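As the structure is a prediction and not an experimental result, all values here were calculated from the model.
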Amino acid sequence: MDQPDGSAAAPVRVLLADDDPSFVESLRPLIEQQPALRVAGVAANGLDAIELADRLDPDAVVIDLHMPIVDGVTAVARLRKDHPNLCLIALTGDPATELHDAVTEAGADAVLMKGDLVDSLVQRLRAVRAAQEAS
């Protein structure tokens, strides 16, 4: 995608946060196959996600809700406070609406079920690029 001045747009830098390495290794190539997206880093727990977001300054964080040390809901609340413009997408395999409501109230832009992930995630992350180009 090109900027109005003709230069290529920088890819959306995505931080992945999930304590399941096999899930991350499945998700990472799906994101990186999209020309406008790039994985900026990977965190295995909520605390690492917060620290990496502070250090890497990604455009978006895709975060699991059930993680060790700091859970996803708590991490989302902290990330929203510290990075108000960050796109925060929560992932879960847990269908509990109370959990979905809690992470939405904490500041998540979207809650996606892992089973419906690929189409919804890529669509949402592309929207980050469209919003960046519009501003």
Side-chain angles (χ1 to χ4, degrees):
M1 291 180 219
D2 292 338
Q3 298 288 326
D5 66 2
S7 63
V12 173
R13 299 175 64 249
V14 181
L15 173 62
L16 301 178
D18 197 303
D19 62 326
D20 180 351
S22 61
F23 181 77
V24 171
E25 290 310 310
S26 297
L27 180 58
R28 183 180 200 134
L30 293 173
I31 291 172
E32 291 183 337
Q33 286 175 3
Q34 302 298 313
L37 307 176
R38 181 170 64 87
V39 174
V42 176
N45 62 64
L47 181 59
D48 286 348
I50 293 165
E51 291 173 350
L52 279 174
D54 290 344
R55 192 170 80 228
L56 300 174
D57 194 29
D59 302 303
V61 176
V62 177
I63 188 166
D64 185 31
L65 295 182
H66 294 291
M67 288 192 299
I69 303 177
V70 174
D71 66 87
V73 175
T74 303
V76 164
R78 174 70 182 272
L79 289 165
R80 177 57 66 215
K81 177 181 169 277
D82 293 348
H83 305 275
N85 296 322
L86 188 61
C87 177
L88 295 170
I89 300 175
L91 292 180
T92 187
D94 189 335
T97 57
E98 300 85 8
L99 180 63
H100 299 194
D101 292 344
V103 75
T104 300
E105 288 175 22
D109 294 299
V111 181
L112 304 177
M113 294 296 294
K114 286 185 176 182
D116 302 330
L117 174 69
V118 176
D119 292 336
S120 298
L121 179 61
V122 169
Q123 180 181 29
R124 182 66 189 190
L125 291 173
R126 284 182 177 160
V128 173
R129 168 58 61 225
Q132 289 174 338
E133 291 176 349
S135 58

For this session: Might you point out which heavy atoms bring Leu65 and Ala90 nearest each other, and give the distance in Å?
Result: CD2-CB, 3.7 Å
Exercise. If two hydrophobic side chains count as joined below 4.5 Å and joins carry through other members, does Leu88 share a cluster with Val12?
Worked result: no
Exercise. Given the rule that I, L, V, M, F, W and Y join up when any side-chain heavy atoms are under 4.5 Å apart, are Leu47 and Val24 in one cluster?
Worked result: no
Problem set entry | Asn45 side chain near Asp19 side chain, heavy-atom distance below 4.5 Å | no
Exercise. How far does CG of Leu37 sit from CG of Leu30, to the nearest 0.5 angstrom?
Worked result: 10.5 Å
Exercise. Could you go step by step and tell me if Arg28 and Glu32 meet the salt bridge (Lys or Arg N to Asp or Glu O under 4.0 Å) rule?
Worked result: CA-CA 6 Å; Arg28 183 180 200 134; Glu32 291 183 337; 3.5 Å; yes
Exercise. Would you call His66 and Leu99 a side-chain contact if the rule is heavy atoms closer than 4.5 Å?
Worked result: yes
Problem set entry | Lys114 side chain reached by Asp64 side chain, heavy atoms, under 4.5 Å | yes
For this session: Would you name the heavy atoms of Ile63 and Ala75 that are closest together and state the gap between them?
Result: CD1-CB, 3.6 Å
For this session: Quick one: pull up CG in Asp109 and CG in Leu86 and give me the separation to the nearest 0.5 Å.
Result: 8.0 Å
Exercise. Are Val73 and Val62 co-members of a hydrophobic cluster defined by side-chain heavy atoms under 4.5 Å apart?
Worked result: no
Problem set entry | Side-chain touch Arg38/Val14, heavy atoms, less than 4.5 angstrom | no
Exercise. Out of Leu16, Val39, Val42, which one pairs with Leu27 under the side chain to side chain contact (heavy atoms under 4.5 Å, CB included) rule?
Worked result: Leu16
Seminar exercise, completed: Tightest non-hydrogen contact, residues Ala49 and Ala17, listed as CB-CB, 3.7 Å
Exercise. Considering all heavy atoms of both residues, which atom of Gly46 and which atom of Met67 are nearest to each other, and what is their separation?
Worked result: N-CE, 3.5 Å
Exercise. Do Leu91 and Phe23 have side chains that get closer than 4.5 Å, going by heavy atoms?
Worked result: yes
Problem set entry | Atom pair CE/NE2 of Met113 and His100 - distance to nearest 0.5 Å | 5.0 Å
Seminar exercise, completed: d(Leu52 CG, Asp57 CG) to nearest 0.5 Å is 12.0 Å
Seminar exercise, completed: The reported gap from CD1 in Ile50 to CG in Leu79 (rounded to nearest 0.5 angstrom) is 5.5 Å
Exercise. For residues 88-98, which residue pairs qualify under salt bridge (charged side-chain N to carboxylate O under 4.0 Å, His left out), counting only residues two or more places apart or in two chains?
Worked result: none
Exercise. Got a second to check how far His83's NE2 is from Asp59's CG, nearest 0.5 Å?
Worked result: 12.0 Å
